[in-house]
Amino acid sequence: MYTAHPDRYADLPYRRTGRSGLKLPAISLGLWHNFGPDRPVETQRAILRRAFDLGVTHFDLANNYGPPPGAAESALGEFLKADFAPYRDELVISTKAGYHMWAGPYGEWGSRKYLLSSLDQSLGRMGLDYVDIFYSHRPDPETPLEETMGALHSAVQQGKALYAGISNYSPEQTREAARILSELGTPLLIHQPRYSMLARGPEESGLLDTLDELQVGSIVFSPLEQGVLTARYLDGIPEDSRAASDSPFLNSDRLTEELVGQLRALDEIAKGRGQTLAQLALAWVLRGGRVTSALVGASSAQQIEDSVAATRNLDFDADELARIDAIIKQ
């Protein structure tokens with residue numbers, strides 16, 4: 001029988017999400033990869049247990065996470081029942097709907113029918129009465145935003161979600177979504193964009209400025225760029241790595257000599273800070289407090305430990321930031 005570590009709240013910092021009452025851990029665990037029937041059950045259990053023991057209270061999912069789609073939610077449901085039932089009120093569990101999930105015209109995008117049907121299915125797979133955050137996973141170019149945001153509002157009103165979030169929305173779409181939700185009486189809690197030292201869209205597009213202005217929280221995905229911003233590729237492409245596989249999210253073509261040179265230069269900065277490259281990358285997105293939480297995946301409990309350790313040094317001086325920018329932009 002699992003008993004959580006008594007000192008689980010001793011070290012990991014928590015940050016308030018926008019102007020809400022909800023605080024999230026600076027490091028959150030995403031179940032995008034590594035949770036499904038193709039991974040050892042004991043490894044999955046060890047990751048979740050170690051995460052929670054370290055204060056990682058937020059588990060992030062989506063309806064289509066697996067493989068196959070839905071498998072991650074089903075796996076979490078089993079672990080919630082076996083290990084975390086006594087701790088449900090200490091957990092923040094989120095899920096999303098927007099990408100393809102089932103056949104036919106109602107199995108993706110942003111219609112009211114799809115979003116609310118998907119949420120019901122997600123709750124069934126996880127064995128939950130509610131999720132803490134329910135996201136529109138991507139904007140739908142053909143469905144009125146009022147309908148999509150209205151579905152999120154309904155999910156909250158029905159008690160099936162406590163908060164509403166969006167992911168992959170532009171600054172303009174975010175502003176309009178926040179306006180619609182505010183008028184309905186369900187504030188927009190959080191936005192989940194892709195953001196890293198190598199992917200600075202939220203900065204360049206003004207999304208972070210928009211979120212600051214709206215007082216909306218942010219949780220960033222792929223802060224390690226699918227493992228690129230780790231020590232894994234400093235000396236080539238390991239045979240068992242994602243880049244060596246047929247993954248649609250990372251392949252060997254991306255690991256150019258120029259990029260590897262940049263990674264090695266960043267690694268030198270990390271060493272000077274007493275960090276690994278991955279820890280440097282996580283600290284960078286969390287610097288200054290603009291980002292509420294960094295969302296990481298893990299294939300082992302050790303990776304969670306390494307990610308959480310990044311929060312021990314989140315401060316950068318001007319010279320470090322300038323050196324990082326010079327490396328990335330060279």
Side-chain angles (χ1 to χ4, degrees), residues 8-9 11-32 51-52 54-62 90-96 131-137 152 156 161-171 173-175 177-178 181-182 186-197 199-203 205-225 229 278-298 304 307-316:
R8 57 190 175 277
Y9 296 114
D11 298 317
L12 186 62
Y14 295 81
R15 295 179 169 185
R16 188 168 301 280
T17 311
R19 64 182 299 271
S20 77
L22 183 70
K23 292 183 178 181
L24 291 180
I27 300 294
S28 296
L29 178 62
L31 279 68
W32 182 19
F52 189 59
L54 291 170
V56 178
T57 54
H58 181 208
F59 299 158
D60 178 82
L61 300 100
E90 297 183 43
L91 291 170
V92 174
I93 297 172
S94 61
T95 196
K96 315 176 198 72
V131 292
D132 296 274
I133 307 170
F134 183 46
Y135 288 87
S136 167
H137 206 166
L152 297 184
V156 173
L162 301 186
Y163 299 96
I166 58 176
S167 181
N168 298 304
Y169 279 56
S170 70
Q173 292 165 331
T174 297
R175 193 177 299 279
L181 283 170
S182 178
T186 297
L188 176 61
L189 174 79
I190 194 166
H191 189 298
Q192 187 174 134
R194 177 181 176 182
Y195 183 45
S196 74
M197 288 194 291
R200 303 194 179 192
E203 286 182 10
S205 69
L207 178 62
L208 292 182
D209 293 334
T210 297
L211 297 178
D212 286 345
E213 179 186 338
L214 297 174
Q215 295 183 282
V216 170
S218 61
I219 177 168
V220 299
F221 69 86
S222 293
L224 302 181
E225 286 296 312
L229 286 168
Q279 289 167 346
L280 171 73
L282 292 172
W284 186 87
V285 298
L286 291 168
R287 74 196 187 286
R290 296 189 80 185
V291 168
T292 311
S293 183
L295 189 56
V296 300
I304 281 291
S307 294
V308 169
T311 64
R312 296 173 190 159
N313 183 9
L314 300 179
D315 295 326
F316 289 80

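Excluded from the calculations below are hydrogen atoms, water molecules and symmetry mates; all remaining heavy atoms, backbone and side chain alike, are included.
Side-chain atoms of T174 come within 3.5 Å of backbone atoms of S170 as a donor-acceptor pair (strictly under, hydrogens ignored). T186 places no side-chain N or O within 3.5 Å of a backbone atom of L181 that could act as its donor or acceptor partner. Between the side chain of R16 and the main chain of T292, no donor-acceptor pair closer than 3.5 Å is present.
Contact check on E203 versus R194 returns no salt bridge, with no Lys/Arg side-chain nitrogen under 4.0 Å from an Asp/Glu carboxylate oxygen. The pair D315-R287 does not count as a salt bridge, with every side-chain nitrogen at least 4.0 angstrom from each carboxylate oxygen. Of the charged side-chain nitrogens involved, at least one lies within less than 4.0 Å of a carboxylate oxygen, so that D60 and K96 count as a salt-bridged pair.
The closest side-chain donor-acceptor pair between S94 and H58 falls under 3.5 angstrom. For the residue pair S196 and S222, no side-chain donor N or O sits within less than 3.5 Å of a side-chain acceptor on the partner. Side-chain contact check for Y169 and Q192: no donor-acceptor pair (N or O, by modelled atom type) lies under 3.5 Å.
Of the candidates V131, D132, L31, I133, T95 forms a side-chain contact (heavy atoms from CB on, under 4.5 Å) with just one, namely V131.
The two residues Y163 and V156 have their closest heavy-atom pair at C-CG2, 4.1 Å.
Under the 4.5 Å side-chain criterion, counting only non-hydrogen atoms from C-beta, M197 is in contact with L280.
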The test is side-chain hydrogen bond (donor to acceptor under 3.5 Å, both in side chains); show your working for S293 and S28 and say whether it passes. CA-CA 6 Å; S293 183; S28 296; 2.7 Å; yes
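Taking the six-membered ring where tryptophan is involved, the planes of W284 and Y195 are tilted, since the angle between them lies from 30° to 60°.
Atom CG of N313 is surrounded by more than 12 heavy atoms from other residues, nucleotides or ligands within 6.0 Å.
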